[in-house]
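As structure tokens, the structure follows; a few thoughts come after it.
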Amino acid sequence: MDGGQKYTLGSSEYKYNAMQLHLSERALKILAKEKIKDAKVTDKELVDVYEEILSVVNKHFELYDISKFRQKLNEGLELFKELPIYNVYESNKIKQVGKFEVLNRILIGLHANAMRTDLKVLGIKVNLGQMQVKGGIKLSPDAKLIYQSPTGIFSRAVRVKDLG
């Protein structure tokens, strides 16, 4: 943990998100409609979910300033509004990515792990979740290394400045 950013180190240049995204019960019910046969979902409901995700990301996910992910997700809202609700297929291939697919990809990219996802449909060229710091990650003296047991039951934190 460093300056409010909670992440794990993947290498000397890669950070992986360790923050969990929390959405409202309403948003989760809307997302669940994708899997429910004959469920009615509106375009506005899916835009509301995107806006809720943006609100949480803007408030809590500083780590996603790497590669300007937060900025690009905000800029992508207008492109998102123009997408169809569901993927459009032609000859068993996706011709046009839909809102549900984009929301699922965003959730993959924001998940607390090393997953990355393609959001070119929103104008984001670098895979969401690929947080590379060119020249290497620099930890502040107040950064904390958190040692945790495999079960997560036991943990201890040590500040970088106390290591030396």
Side-chain angles (χ1 to χ4, degrees), residues 1-139 143:
M1 186 158 163
D2 195 2
Q5 295 181 11
K6 197 171 184 181
Y7 58 88
T8 60
L9 295 173
S11 71
S12 64
E13 289 191 345
Y14 284 96
K15 294 180 180 183
Y16 300 139
N17 176 39
M19 299 271 299
Q20 195 66 20
L21 177 70
H22 294 276
L23 296 176
S24 67
E25 187 176 338
R26 177 180 180 267
L28 296 175
K29 285 181 179 177
I30 292 168
L31 290 170
K33 289 182 180 182
E34 179 184 25
K35 305 293 184 207
I36 301 169
K37 188 176 182 177
D38 300 325
K40 301 289 185 226
V41 65
T42 67
D43 207 62
K44 181 175 179 351
E45 286 177 315
L46 296 173
V47 171
D48 289 348
V49 172
Y50 189 102
E51 289 174 341
E52 182 176 328
I53 291 169
L54 284 180
S55 175
V56 175
V57 168
N58 289 336
K59 195 175 201 178
H60 301 290
F61 283 66
E62 291 175 30
L63 185 60
Y64 285 81
D65 285 339
I66 294 173
S67 299
K68 298 184 180 179
F69 286 129
R70 279 203 295 190
Q71 176 186 332
K72 291 173 183 174
L73 284 170
N74 281 279
E75 292 169 353
L77 177 60
E78 293 308 312
L79 292 170
F80 179 81
K81 289 178 180 178
E82 301 303 316
L83 298 174
I85 290 176
Y86 297 98
N87 291 344
V88 176
Y89 292 91
E90 189 174 280
S91 301
N92 292 332
K93 291 187 179 182
I94 296 178
K95 180 180 176 185
Q96 175 67 55
V97 175
K99 286 182 173 73
F100 269 119
E101 178 73 21
V102 169
L103 290 172
N104 284 322
R105 289 180 185 185
I106 290 171
L107 295 177
I108 289 168
L110 294 176
H111 197 71
N113 61 24
M115 293 287 292
R116 304 175 207 172
T117 187
D118 175 357
L119 282 174
K120 288 183 183 87
V121 69
L122 297 180
I124 301 174
K125 292 179 176 76
V126 176
N127 284 343
L128 182 64
Q130 182 176 330
M131 292 177 275
Q132 183 177 13
V133 180
K134 302 271 189 213
I137 297 167
K138 309 226 181 334
L139 300 174

| task | Determine, stepwise, if the pair Thr117 / Asn127 fulfils side-chain contact (heavy atoms from CB on, under 4.5 Å). | result | CA-CA 5 Å; Thr117 187; Asn127 284 343; 6.0 Å; no
| said: Please evaluate residues Leu31 and Leu107 with respect to the criterion side-chain contact (heavy atoms from CB on, under 4.5 Å), reporting the C-alpha separation (whole Å), side-chain torsions for both, the decisive distance (0.1 Å), and the verdict. | reply: CA-CA 11 Å; Leu31 290 170; Leu107 295 177; 3.8 Å; yes
| Criterion side-chain contact (heavy atoms from CB on, under 4.5 Å) on Ile106 and Val57, from CA distance to verdict | CA-CA 11 Å; Ile106 290 171; Val57 168; over 6 Å; no
| request: Assess whether side-chain contact (heavy atoms from CB on, under 4.5 Å) is satisfied between Asn113 and Tyr16, documenting all intermediate values. | output: CA-CA 6 Å; Asn113 61 24; Tyr16 300 139; over 6 Å; no
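Here the OG atom belonging to Ser55 is positioned 10.0 Å from the CG atom belonging to Leu23, to the nearest 0.5 angstrom. A distance of 11.0 Å separates CD1 of Ile53 from CG of Leu77, quoted to the nearest 0.5 Å. For the atom pair Phe80 CZ and Leu54 CG, the distance stands at 9.5 Å (nearest 0.5 Å). From Glu101, atom CD reaches atom CG of Asn104 across 6.5 Å, with rounding to the nearest 0.5 Å. Summarising the geometry, atom CG belonging to Leu46 is positioned 11.0 Å from atom NZ belonging to Lys44; distances are rounded to the nearest 0.5 Å. For the atom pair CG of Asn74 and CD of Glu51, the computed distance is 10.0 Å after rounding to the nearest 0.5 Å.
Around CD of Gln20, the count of heavy atoms belonging to other residues, nucleotides or ligands within 6.0 Å exceeds 12.
Distance alone, capped at 3.5 Å, is enough to place a donor-acceptor pair between the Glu45 side chain and the Thr42 backbone. Looking only at distances, no side-chain donor or acceptor of Arg70 sits under 3.5 Å from a matching main-chain atom of Tyr64. Tyr50 contributes a side-chain N or O that, together with a main-chain N or O of Leu73, makes up a donor-acceptor pair within less than 3.5 Å. A distance-only check finds a donor-acceptor pair linking the side chain of Lys72 to the backbone of Ser67 [under 3.5 Å]. Side-chain N or O atoms of Lys99 include one that pairs as donor or acceptor with a backbone N or O of Leu83 at under 3.5 Å. The main-chain N or O of Asp118 is found under 3.5 Å from a side-chain atom of Arg105 such that the two form a donor-acceptor pair. Under a 3.5 Å cut-off, the side chain of Glu52 and the backbone N or O of Ser24 do form a donor-acceptor pair.
The shortest non-hydrogen separation linking Lys81 to Asp43 is O-OD2, 4.1 Å. Contact record, Gly76 with Leu122: O-CD2, 3.5 Å, taken as the closest heavy-atom pair. Minimum interatomic distance between Asn87 and Tyr89 (heavy atoms only, all atoms of both residues): ND2-OH, 3.4 Å. Between Phe100 and Lys33 the shortest heavy-atom distance is CZ-C, 4.3 Å. The nearest pair of heavy atoms linking Tyr7 to Leu63 is CB-CD2, 3.7 Å. For Ala18 against Ala112, the heavy-atom pair with the smallest separation is C-CB, 3.9 Å.
Annotation: side-chain hydrogen bond (donor to acceptor under 3.5 Å, both in side chains) contacts of Tyr86 (sequence neighbours excluded): none.
Contact of the Val121 side chain with the Gln96 side chain is registered, since non-hydrogen atoms from C-beta on lie closer than 4.5 Å. For the pair His60/His22, no side-chain contact is recorded, criterion being any heavy-atom separation below 4.5 Å from C-beta on.
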